[in-house]
4 protein chains.
Amino acid sequence: MGNGELRVGLVGYAFMGVAHSHAWQMTNRVFDLPVRVRMVALCGRDETNVAAAAARLGWEEHVTDWRELVAREDIDVVDVCTPGDSHAEIVTAALAAGKHVVCEKPLANTVAEARQMADAAAEARSAGVRAFCGYNYRRLPAVGQMRRLVADGRLGTIHHVRATYLQDFFADPAFPLVWRLQRDRAGSGAIGNLGSHIIDLTQYVTGQLVTGVSALTETFVRRRPLPDGDGDGPVTVDDAALFTARLDGGAVASYEATWFATGHRNTLRVEINGSLGSVAFDLDRQNELEFYEAAGPRTEGGFRRILVTEPNHPHMSGTWPPGCAVGFEHPFVHEVRDFVAAVAAGEDPTPSFDDALQVQLVLDAVERSADLDSGWVKV
Amino acid sequence: MGNGELRVGLVGYAFMGVAHSHAWQMTNRVFDLPVRVRMVALCGRDETNVAAAAARLGWEEHVTDWRELVAREDIDVVDVCTPGDSHAEIVTAALAAGKHVVCEKPLANTVAEARQMADAAAEARSAGVRAFCGYNYRRLPAVGQMRRLVADGRLGTIHHVRATYLQDFFADPAFPLVWRLQRDRAGSGAIGNLGSHIIDLTQYVTGQLVTGVSALTETFVRRRPLPDGDGDGPVTVDDAALFTARLDGGAVASYEATWFATGHRNTLRVEINGSLGSVAFDLDRQNELEFYEAAGPRTEGGFRRILVTEPNHPHMSGTWPPGCAVGFEHPFVHEVRDFVAAVAAGEDPTPSFDDALQVQLVLDAVERSADLDSGWVKV
Amino acid sequence: MGNGELRVGLVGYAFMGVAHSHAWQMTNRVFDLPVRVRMVALCGRDETNVAAAAARLGWEEHVTDWRELVAREDIDVVDVCTPGDSHAEIVTAALAAGKHVVCEKPLANTVAEARQMADAAAEARSAGVRAFCGYNYRRLPAVGQMRRLVADGRLGTIHHVRATYLQDFFADPAFPLVWRLQRDRAGSGAIGNLGSHIIDLTQYVTGQLVTGVSALTETFVRRRPLPDGDGDGPVTVDDAALFTARLDGGAVASYEATWFATGHRNTLRVEINGSLGSVAFDLDRQNELEFYEAAGPRTEGGFRRILVTEPNHPHMSGTWPPGCAVGFEHPFVHEVRDFVAAVAAGEDPTPSFDDALQVQLVLDAVERSADLDSGWVKV
Amino acid sequence: MGNGELRVGLVGYAFMGVAHSHAWQMTNRVFDLPVRVRMVALCGRDETNVAAAAARLGWEEHVTDWRELVAREDIDVVDVCTPGDSHAEIVTAALAAGKHVVCEKPLANTVAEARQMADAAAEARSAGVRAFCGYNYRRLPAVGQMRRLVADGRLGTIHHVRATYLQDFFADPAFPLVWRLQRDRAGSGAIGNLGSHIIDLTQYVTGQLVTGVSALTETFVRRRPLPDGDGDGPVTVDDAALFTARLDGGAVASYEATWFATGHRNTLRVEINGSLGSVAFDLDRQNELEFYEAAGPRTEGGFRRILVTEPNHPHMSGTWPPGCAVGFEHPFVHEVRDFVAAVAAGEDPTPSFDDALQVQLVLDAVERSADLDSGWVKV
């Protein structure tokens, strides 16, 4: 850090790059942190495009080679928002160069890469270098409140976890064969793209880890038109994945991730049932949390709809008055806020690369179980 | 049938016996059917209690031995509302005596018994004797409407089925070791009690059969106090069962049945996603159906909440004006209505014993898969 | 009462006559009351139709003149389910003849008639004769629970009442000019038909009376086709009525009744806000109640959805296990139950004719205020 | 405008000042507009505080006298976010100086001031100077979609408008006597603060103007502790206001604004019923819209929950992918976007000062009707 500033370089300026740019920018505007963020450089391969994006998104400069970013003296943080197949190379190089790292989820496309990255982070940690993986939904206020209720013992012993992540983006068979549908680029399909979110979120909220799974995957549309309109090609990833699981605290769980749930744009639902209460969250109503407490007379009991919009809810510092909704970008801002605060304090931000590796191990177990005709696979 | 009457004898007068009594009684009051129901005799083992129940519920007589009911000339229908371990004996005797049979769900505690009953029904059918198994939720208007939408092709190709049946009756570890928690009486636990409903309902609504499963079961509380207060004993059934499945039309499915979902008294939820639309039902709001149609502009699309309270919704003949809710007892009344109409018309009522046997085969596959560490078991 | 029996005669067999018949019938089947109900005679003007209805609905006899019913020795109760313009004559004759009376709501078409009836009931009371007016929604379990919460002080001082009763039955201008749309038959329009329900319900639940109103009424479709298809005629009642009010406990209130709320079949909503909590009810989800308690941390507060399906909820005796929904007919059954119990105990059932007269006074004030350009009218 | 830039000065840096600052800042980041926004100066009376706020919120400079802002050559736009009692003076001075003006709602505390401001805007308009009043909820995507449905004739003839704005911020009698509760500062209470929003929103969405009202207001807590803790003082504004109204297209309407609706933080609900359909919006779920279409079979009809998160929904340009929620700040950003675009195009932005004056006239009529014992007052 130079002069009370944290100097950031960001690789990638598609959807996630824009979300991260916004978050870096808001951090100075909203929070009183011991260091100020400086948005030094945006990196992308196409010079014209990256120059325009840098100007618009508020970056001082642009570069076209991430290696340059990693090499520069005036960069403290490298933020990686590229597709998963390039994460390992960029991240390990950045860590080796002593840069703090933010890496979008999922950490990598394979367990091998993820483990390599976690090892690199462990080594860098001893030199005071921080690594962070961006499972953004952890910092939705409702998810934070969910975790707080569990951590405070309000649910008692957890018996059930039920998690689904439903989208319908690829339900139309005429949708073309984009990179997300190709194993070599995307690693896996709905399971990696959506399943990783619900695995991380449920482990985070319950404080329990998945110990084993039994899975089933399906590709409903096996060939799709090529994007350039010239013939078709094979879909090489899963359209949907369902699995049952056990958690190390004794809970049983079910998970489902799919791109074929017609009518659902981005519906992530989690419900947890414990001996003393239950809690449910639905991303379609991201400012709400349903909470049931078994205490009290049954005649007055019921799931209560908490509007998670109070200043003392988790991840609600620096926002509007009580009752005001937060949007999609909100948790990204709090990711950066917490990352900056952790770096300034010399602490490790979470989720760590180890947390992200654990998700990768579960994803891997899911794919192996699916290959074994749903046979149980330990994580 | 004597003299335009269908003369009924009912075995059992607990919860289900009361529900069936009410249904037999309402049938004459509400519908114009070619035959009238006559409630001849109620059967139970305790003479004092069964006499009081018969008087109250509107039965002309009472008897204390079901064999007497089966033997009487003036009985056309035997309705069996006893626990599952006695179904096979009573039902096969009644069919052999030429009585039409109504049997509460699940058909039996084992596949062997269920198969024997289905065989007996097949044989009796050739003599014009009818057999019916009471999966009551089929005749909720919302469930009927759900099936109609699927049958009319409004959902297109079905990709996903998601079914949960959540209760919390046994979540308290101090709840005693009742018969439902003992394998020799109840056959199985949540899977048989609750799972059977969602298996039947999803097969009915989709018109597809489960072809294979991968399952996991759990007993969270393994010993419970004996009902008489003298020590405790082992719970020998599942508290919860989760399984993934494939259906013969290409859909993938997930199922969960549990008694440990704190806050849920009787929450049966089913959602089905197809290529053209989706539909969702929640028993907590049994007069509603959520329906999404992919046709039309996305900006105006959404799950619409249909109040299934119009006279031309399924199973709504003979009820109140549009907009009036039906209660728990409603589908039982329509079961009897349809059973009586089928008998009068010389047709087979549904669900048939074969339908009920198919459910039993799935239940059996679920238990075997759970024993095989979630390995895939074909139905 | 002869011989432990309460012998009932019912006038009218349209919608409400059927609902009351069902309730009389269920009472013996469901409850243990000190007297048994005997359904002696159904009365209607068309002999063929009333005979068929009597047979179907379970009445022993039929008669074609209500005067006969009132005159008979073997009738203890006269239940009046005719249109409002005939209530006063039948009811006062029945009371004069020493019959207990059940009268459907609203009590009468005018304040003058209602007052005459209340006076007759007061006189009869001294002779041990009971009179009851059927505001059925009072005995929905959720409404009972609402009242209980208010009565127990759980809402504190009540500040706001918000009540709407929305239907869309007459929204289509092609709907014919039925009797409900004619002042001489129906007395008034939406205000009498729907408004009376929400006036009674809010007064009942809050324990406060309306002391003054400011109202606005509208007839959107002023001429409609005659039912016989020959030309059209004028609508002489209100299609919609809106009014603000003050209650004698200090609350302010808003009311709306309309037949032109497209998409609403039978949507009665009431919300009450007090200093300590709030409660909301929606007839479309009649087994639910929303309850907010201000006590406790704001971060955990929210409207909780109580399923009012527990055995110890109000008006839930004699029903199914916890979690089972009740239907439209349920409160009618409990009306009869409570009426029979009151008669047997020598007590006055509620709502009394005085309660019903108070509703009539509010309705009258509403119509007068509307005539006075919304000027304030005291009740 | 200097050099393709629109140079802005903002007066006020409390809640609304922060919201506007954020909006000015985001405009360059998110949209491609013909002019760029330059955040020149923030104005506030306390130099230390305004300097800190300017630095944090991204303003180049700070000033302590709004007159300086108005006088500067290098300012093109004056944005007024002060309490209502200072609006008229600042705004008219700015317009006279040829500055474009953004003014927070409500336009003024009195009709006289509002009229003076509207006149000033009309005069300035001829010189190409633009004036805009910030009724922010107009630019919620769901509200925009609501208006679009009405404008496209999807609701047919509008019969009913139902609007409530419920908060509970002052329900606690111990809450101190802040400026909002004093007539000389705030002009009025809940009616001006909250009622103005629902008046503007319903007029905007329906395209109809309120022509007359009948109103009732109440102050539940008449004395409150002074903020400095030394004794108490009188509350001189309304805590709640209820009114019925007629709109110039034939609809009848009810409105309620209150600070005493326990459990409601910021619940603005509007429902509109027309001859062909209905639409409902609830700010607690600001990314949703309920829409009912009367066309199609009644058995399939229902209010559908549209997630207003598609790129081609109104006011959704420049946001995240389909399915991503927007937060409280979103409509402010689109206000600025549309204001800048209008200024660049030489067009008048909306809502205009005339639109805002019309709201003021309704507010005034409401207060007069309340003084007249709810007598009808024409607007």
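A note on names: the letters A, B, ... follow the listed sequences, proteins ahead of strands, and every chain is numbered from 1.
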Chemist: Mind ranking C:Gly301, C:Ala294, C:Gly277, C:Ala171 by heavy-atom pairs under 4.5 Å with chain D and telling me who comes out on top?
Modeler: C:Gly277
Chemist: Which answer fits D:Phe260, side chain, backbone, both or neither, if we ask what part of it has an atom under 4.5 Å from a heavy atom of chain C?
Modeler: both
Chemist: Checking heavy atoms, do the side chain of D:Thr164, its backbone, both or neither come under 4.5 Å from chain C?
Modeler: side chain
Chemist: Do you know which of C:Leu276, C:Leu242, C:Thr244, C:Ile272 has the most heavy-atom pairs with chain D at a distance under 4.5 angstrom?
Modeler: C:Leu242
Chemist: Select one option (side chain, backbone, both, neither) describing which atoms of C:Glu271 are under 4.5 Å from chain D's heavy atoms.
Modeler: side chain
Chemist: Return the option, out of C:Ser374, C:Ser214, C:Ser369, C:Gly274, with the maximum number of heavy-atom pairs under 4.5 Å with chain D.
Modeler: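 That would be C:Ser374.
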Chemist: Pick one of side chain, backbone, both or neither for C:Asp168, based on which atoms fall under 4.5 Å of a heavy atom in chain D.
Modeler: side chain
Chemist: Using a cut-off of under 4.5 Å for heavy-atom pairs, which of C:Leu216, C:Asp172, C:Leu155, C:Thr157 has the most such pairs with chain D?
Modeler: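 Most heavy-atom pairs under 4.5 Å with chain D: C:Leu216.
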Chemist: Find out whether C:Thr262 and D:Tyr292 are in side-chain contact, i.e. whether some heavy atom of one side chain is under 4.5 Å from a heavy atom of the other.
Modeler: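 Side chain of C:Thr262 against side chain of D:Tyr292, heavy atoms only: contact under 4.5 Å found.
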Chemist: Parallel, tilted or perpendicular, judged at 30° and 60°: which one describes the rings of C:His160 and D:Phe220?
Modeler: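 The rings of C:His160 and D:Phe220 stand perpendicular, inter-plane angle above 60°.
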Chemist: Should D:Asp239 and C:His159 be marked as a side-chain contact (heavy atoms from CB on, under 4.5 Å) after you check the CA-CA gap, both sets of side-chain angles, and the distance that decides it?
Modeler: CA-CA 10 Å; D:Asp239 285 332; C:His159 292 128; over 6 Å; no
Chemist: Which of residues 245-257 of chain D get closer than 4.5 angstrom to chain C, counting heavy atoms alone?
Modeler: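 D:Ala245, D:Arg246, D:Gly250, D:Val252, D:Ala253, D:Ser254, D:Glu256, listed by number.
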Chemist: Any side-chain heavy atom of C:Leu166 sitting closer than 4.5 Å to one from D:Arg162?
Modeler: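 Contact flag for C:Leu166/D:Arg162 side chains = yes.
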Chemist: Name the option with the most non-hydrogen atom pairs under 4.5 Å to chain D; the candidates are C:Ala261, C:Gly375, C:Gly212.
Modeler: C:Ala261
